[in-house]
Amino acid sequence: MTNTGLKGRNALVTGASKGLGRAMAIALAKNGAHLVLVARDRAKLESVAAEVARRGGTADVFVADMTQEDQVIALESQVSAKTGKIQILINNAGTNLRKDITDFTLDEWRGVQDTNLTMSFSPAVPLCRT
């Protein structure tokens, strides 16, 4: 059963290609939102969009690495041109390296921090103003 409580709302979900991002995107679509799916893997995003469509929802796919400021800026323009204003933003993209922290290289540490911490702050401002 579909609830239309979010009909007319655009919901952008980062990290939408799998796991929690995929599940949240599908739940938002079930409630009537138009999805803007963002992740680095186009094939996985297309799979989520197809699942949303099978359930009667709509979704646009955008490939971007949310840790890269230039890609976030480009995404803002692309999303604005295609879907208009974003009313719901879920900064879900994240990563994990499964090893002892003492075994991390500095580049690995920065990659985890950029994805899990910095990314959650940096795209929120431009994407919400589209």
Side-chain angles (χ1 to χ4, degrees):
M1 180 179 230
T2 300
N3 179 342
T4 58
L6 297 176
K7 188 169 179 68
R9 305 267 183 183
N10 291 319
L12 187 146
V13 181
T14 67
S17 63
K18 59 185 178 180
L20 289 173
R22 179 184 182 108
M24 288 185 281
I26 290 167
L28 287 162
K30 278 194 220 178
N31 285 282
H34 171 76
L35 274 295
V36 177
L37 306 172
V38 180
R40 294 178 288 191
D41 188 319
R42 180 174 296 281
K44 288 180 182 176
L45 285 172
E46 295 290 352
S47 172
V48 176
E51 186 169 343
V52 165
R54 279 192 300 276
R55 295 170 184 241
T58 60
D60 290 312
V61 168
F62 295 89
V63 176
D65 180 339
M66 299 303 291
T67 68
Q68 302 302 308
E69 186 176 14
D70 60 329
Q71 291 185 38
V72 173
I73 292 167
L75 180 65
E76 176 189 10
S77 297
Q78 294 164 0
V79 168
S80 180
K82 178 103 183 195
T83 65
K85 186 167 180 59
I86 297 297
Q87 289 86 19
I88 303 165
L89 175 65
I90 298 180
N91 277 325
N92 170 73
T95 192
N96 187 16
L97 295 179
R98 299 195 186 279
K99 60 184 181 179
D100 291 339
I101 196 165
T102 55
D103 295 331
F104 275 55
T105 66
L106 186 55
D107 283 343
E108 289 171 334
W109 174 256
R110 286 179 177 149
V112 170
Q113 295 307 307
D114 283 350
T115 302
N116 296 345
L117 183 60
T118 307
M119 184 283 311
S120 293
F121 170 77
S122 61
V125 174
L127 290 172
C128 287
R129 100 180 144 224
T130 59

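- When the side chains of ILVMFWY residues are joined at heavy-atom separations under 4.5 Å, either directly or via intervening members, F62 and V72 end up in a single hydrophobic cluster.
- Legend: residues meeting side chain to side chain donor-acceptor pair (under 3.5 Å) with N116, ordered by chain and number and at least two apart, are absent.
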Kindly list each side-chain donor-acceptor pair under 3.5 angstrom involving residues 36-48, sequence neighbours excluded, with atom names and distances?
unit_1 : atom_1 : unit_2 : atom_2 : d
D41    : OD1    : A43    : N      : 3.1
D41    : OD1    : K44    : N      : 3.0

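- V63 and M66 sit in two unconnected hydrophobic clusters of ILVMFWY residues. Membership requires side-chain heavy atoms under 4.5 Å apart, directly or through other members.
- Minimum heavy-atom separation, V61 to A49: CG2-CB, 3.8 Å.
- No more than 12 heavy-atom neighbours from other residues, nucleotides or ligands sit within 6.0 angstrom of CG on L20.
- Legend: residues meeting side-chain contact (heavy atoms from CB on, under 4.5 Å) with K7, ordered by chain and number and at least two apart, are T4.
- Side chain of N31 to main chain of L6: no donor-acceptor pair is present (N/O by atom type, distance under 3.5 Å, no hydrogens or angles).
- For the pair G15 and N92, the tightest heavy-atom approach, listed with the atom from each and the gap, is O-ND2, 3.1 Å.
- Using modelled atom types, one side-chain atom of N10 and one backbone atom of T83 make a donor-acceptor pair closer than 3.5 Å.
- A chain of hydrophobic side-chain contacts below 4.5 Å, direct or via other Ile, Leu, Val, Met, Phe, Trp or Tyr residues, connects M24 to L35.
- The two residues A29 and V52 make their nearest non-hydrogen contact at CB-CG1, 3.7 Å.
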**Prompt:** Going through the checks in order, is the side-chain contact (heavy atoms from CB on, under 4.5 Å) test met by I88 and L12?
**Reply:** CA-CA 6 Å; I88 303 165; L12 187 146; over 6 Å; no
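- Here the side chain of S80 pairs no donor or acceptor atom with the backbone of E76 at under 3.5 angstrom.
- Taking CD1 of I26 as the start and CD of E51 as the end, the distance is 3.5 Å to the nearest 0.5 Å.
- Looking only at distances, a side-chain donor or acceptor of Q71 sits under 3.5 Å from a matching main-chain atom of D65.
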**Request:** Quick one: do I101 and W109 satisfy side-chain contact (heavy atoms from CB on, under 4.5 Å)? Show the steps, please.
**Result:** CA-CA 8 Å; I101 196 165; W109 174 256; 3.4 Å; yes
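- Under the rule for a salt bridge (Lys or Arg N to Asp or Glu O under 4.0 Å), the partners of K82 that lie at least two apart in sequence or sit in another chain are D60.
- Residues forming a side-chain contact (heavy atoms from CB on, under 4.5 Å) with D107 (at least two apart in sequence, or on another chain): T105, R110.
- The salt bridge (Lys or Arg N to Asp or Glu O under 4.0 Å) test applied to E69 returns no partner, not counting sequence neighbours.
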